[in-house]
Trainee: 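Dropping the structure in here first, questions after.
When a ligand or atom number is given, it counts from 1 through the structure's own listing order.
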Amino acid sequence: MIAGNRTINYLRISVTDRCNFRCQYCIPSSPFKMIPHEKIAKYEEILKITRLACELGITKARITGGEPFVRKNIFSFLERLCAIESLKDISITSNGALLTREKIKKLIDFGIKRLNFSLDTLDPVKFARITGRDRFHQVFDTIFTSHELGISPVKINAVILRGINDDEIENITALTLKYPFHIRFIEYMPMGDSAIEKQQQVLTREIKEKIESKFGKLIPVKRNANDGPAKKFQIQGARGIVGFITPISSHFCSDCNRLRLTSRGTLRPCLLNNYEKDIINPLRNNATDDELKAIILSALTKKPSFHGLTDQSVKNMPISHMTSIGG
Ligand code: SAM
Ligand code: SF4
């Protein structure tokens, strides 16, 4: 599928807006409503939309949320998703707290080779403060068990916030010295109403400076065709990679190959733009496959060339929060 001069081959599927964590930077600070159960796309519906999107050129999918593993019967869904032949690459973003060794083995049996986890601190007390849950050890175990079982790469997403975890940039980075992990520092994006203030946002330049003053000059790593938006580097002699995802300081919109399917069954061409195209209701009202494919294509015509969220305009945008869209 083509949007402007971008080829769209990557579908990010949010299977739920529910989450067992309460990360300060993700969950809105004021009360918010969960999507009613009947409005959440059923697995069967997600599979159908995915198959049609694959007929239009999608080859890569990521399952996200909310927390994907809180949704009931997620494993049988994943097994069916992995059976879609034209999907060559399926990965999952998770907080890792609900994954056991047995469950990771199951994912590997389905054919999932890559997992991304969120980990913003190596300090269990701080972990509980950031996520609202005392689950550091489970998450840490999941990360190392995934590595041990052969998941490769294991990617770790960290959002750095001033006064919260900006003193841990070096410690988190140091994991790459010993392990082949990909640590990705994601710039905090102001979404909906979050408890995080603008002054707490730490941009890539500052993170990179801290890393380089501790470990020496970061060496750029050549990008592969299928790489995501992270700009990748390595510390001299390290086994792992340090990546920076820079939606604020240097947007990567011109390379964006993604389309999102939200948990309420809308297509969202851009994470940071509120335009969404309903596909679930036409599907529930018996639209034909061709009609549904036309909806997918028309959503893509609305993919903006630039998300508009810049370093200068980081006031809280009146946009949906991350758990309902799928980060
Ligand atoms: N629950 C899963 C997890 O935490 O990995 C998947 C969903 S979560 C929304 C996906 C990613 O979005 C996480 O890596 C999280 O750190 C990131 N994220 C959430 N809110 C964010 C924000 N406001 N700015 C930047 N990244 C954010
Ligand atoms: Fe849940 Fe992930 Fe958001 Fe944290 S970042 S609240 S784990 S969805």
Side-chain angles (χ1 to χ4, degrees), residues 12-29 32 34-35 61-71 74 91-99 114-121 126-136 138-140 142-143 146 154-162 164-165 172 181-198 200-204 207 228-230 243-249 251-252 258 260-263 268 271-272 307 309 311 314-327:
R12 284 177 81 102
I13 304 168
S14 173
V15 290
T16 181
D17 64 331
R18 270 67 173 173
C19 187
N20 50 340
F21 280 15
R22 288 286 170 272
C23 300
Q24 289 183 32
Y25 51 78
C26 178
I27 301 283
S29 52
F32 62 99
M34 303 312 292
I35 301 167
R62 171 171 299 280
I63 301 304
T64 179
E67 172 49 38
F69 293 102
V70 300
R71 183 156 175 186
I74 183 77
S91 51
I92 307 174
T93 301
S94 163
N95 63 35
L98 298 171
L99 277 175
R114 307 192 296 115
L115 292 174
N116 289 19
F117 299 110
S118 297
L119 184 74
D120 308 304
T121 169
K126 232 185 256 176
F127 182 94
R129 206 179 306 142
I130 295 171
T131 64
R133 300 288 183 267
D134 183 10
R135 304 296 293 272
F136 173 80
Q138 281 94 331
V139 174
F140 210 62
T142 295
I143 290 173
S146 302
V154 170
K155 293 188 182 174
I156 298 174
N157 295 342
V159 177
I160 298 297
L161 298 165
R162 202 174 308 287
I164 296 185
N165 62 347
I172 297 173
F181 299 156
H182 290 206
I183 307 285
R184 294 129 46 92
F185 292 103
I186 307 179
E187 288 176 341
Y188 165 67
M189 293 174 272
M191 316 267 302
D193 86 278
S194 138
I196 303 301
E197 305 285 335
K198 178 194 172 342
Q200 288 178 273
Q201 191 177 48
V202 183
L203 298 180
T204 295
I207 300 174
F244 299 98
I245 301 185
T246 58
I248 305 295
S249 62
H251 70 87
F252 35 80
R258 301 159 181 209
R260 291 183 148 78
L261 177 62
T262 70
S263 48
R268 189 170 174 118
L271 173 66
L272 294 171
H307 61 54
L309 186 65
D311 197 3
V314 288
K315 288 202 174 61
N316 284 352
M317 283 178 79
I319 56 177
S320 328
H321 61 89
M322 198 73 110
T323 51
S324 71
I325 309 165

Trainee: Can you list the atoms of ligand 1 that are under 4.0 Å from a heavy atom of N95?
Mentor: 2 (C), 3 (C), 5 (O)

Trainee: Counting backbone and side chain alike, does C19 bring an N/O/S atom below 2.8 Å of atom 3 (Fe) of ligand 2?
Mentor: no

Trainee: Any chance you could lay out the side chain to side chain donor-acceptor pair (under 3.5 Å) test for R260 and S14, step after step, and finish with the verdict?
Mentor: CA-CA 8 Å; R260 291 183 148 78; S14 173; over 6 Å; no

Trainee: Tell me: protein heavy atom nearest atom 3 (Fe) of ligand 2, and distance?
Mentor: C26 SG, 2.4 Å

Trainee: Give the atoms of ligand 1, by number and element, whose distance to some non-hydrogen atom of N157 is under 4.0 Å.
Mentor: 14 (O)

Trainee: Could you identify the single nearest non-hydrogen protein atom to atom 4 (Fe) of ligand 2 and state the distance to 0.1 Å?
Mentor: C23 SG, 2.3 Å

Trainee: Do any N/O atoms on Y188 end up under 3.5 angstrom from N/O atoms on ligand 1?
Mentor: no

Trainee: Using the six-membered ring wherever Trp is involved, compare the ring planes of F244 and F185 and label them parallel, tilted or perpendicular (cut-offs 30° and 60°).
Mentor: parallel

Trainee: Can you tell me how far CD1 of I164 sits from CG of D120, rounded to the nearest 0.5 angstrom?
Mentor: 9.5 Å

Trainee: If only side-chain N and O atoms count, and only distance matters, is there a donor-acceptor pair under 3.5 Å linking E67 with T16?
Mentor: no

Trainee: When you look for heavy atoms under 4.0 Å from ligand 1, do you find them on the side chain of T93, its backbone, both, or neither?
Mentor: both

Trainee: Quick one: are I196 and Q201 in side-chain contact, heavy atoms under 4.5 Å?
Mentor: no

Trainee: Any sub-3.5 Å donor-acceptor pair from N165's side-chain atoms to V159's backbone N or O?
Mentor: yes

Trainee: Tell me which one of G66, S94, G65 gets a heavy atom nearest to atom 1 (N) of ligand 1.
Mentor: G66

Trainee: Please answer whether the main-chain N or O of I92 pairs with a side-chain N or O of R62 as donor and acceptor at a distance below 3.5 Å.
Mentor: yes

Trainee: Does even one non-hydrogen atom of T131 get within less than 4.0 Å of ligand 2?
Mentor: no

Trainee: Is the backbone N or O of T204 less than 3.5 Å from a side-chain atom of E187, with the two atoms forming a donor-acceptor pair by type?
Mentor: yes

Trainee: So if I count the atoms of ligand 2 from 1 in the order they appear, which ones are less than 4.0 Å from some heavy atom of I27?
Mentor: 6 (S)

Trainee: Can you confirm, on distance only, whether ligand 1 has an N/O atom lying under 3.5 Å from any N/O atom belonging to T64?
Mentor: no

Trainee: For C26, take its heavy atoms, then give the atoms of ligand 1 lying under 4.0 Å from any of them.
Mentor: 19 (C), 20 (N)

Trainee: Distance under 4.0 Å to a non-hydrogen atom of E67: what atoms of ligand 1 satisfy this?
Mentor: 1 (N), 2 (C)

Trainee: Does G66 have a heavy atom less than 4.0 Å from any atom of ligand 2?
Mentor: yes

Trainee: Nearest heavy atom to atom 23 (N) of ligand 1: which of M189, R62, Q24 does it belong to?
Mentor: M189

Trainee: Give the residue, atom name and distance (to 0.1 Å) of the protein heavy atom nearest atom 8 (S) of ligand 2.
Mentor: T323 CG2, 3.6 Å

Trainee: Donor-acceptor check, side chain of T142 to backbone of L99, threshold 3.5 angstrom: yes or no?
Mentor: yes

Trainee: Ignoring hydrogens and angles, tell me if any N or O in the side chain of R135 forms a donor-acceptor pair with the backbone of G132 under 3.5 Å.
Mentor: no

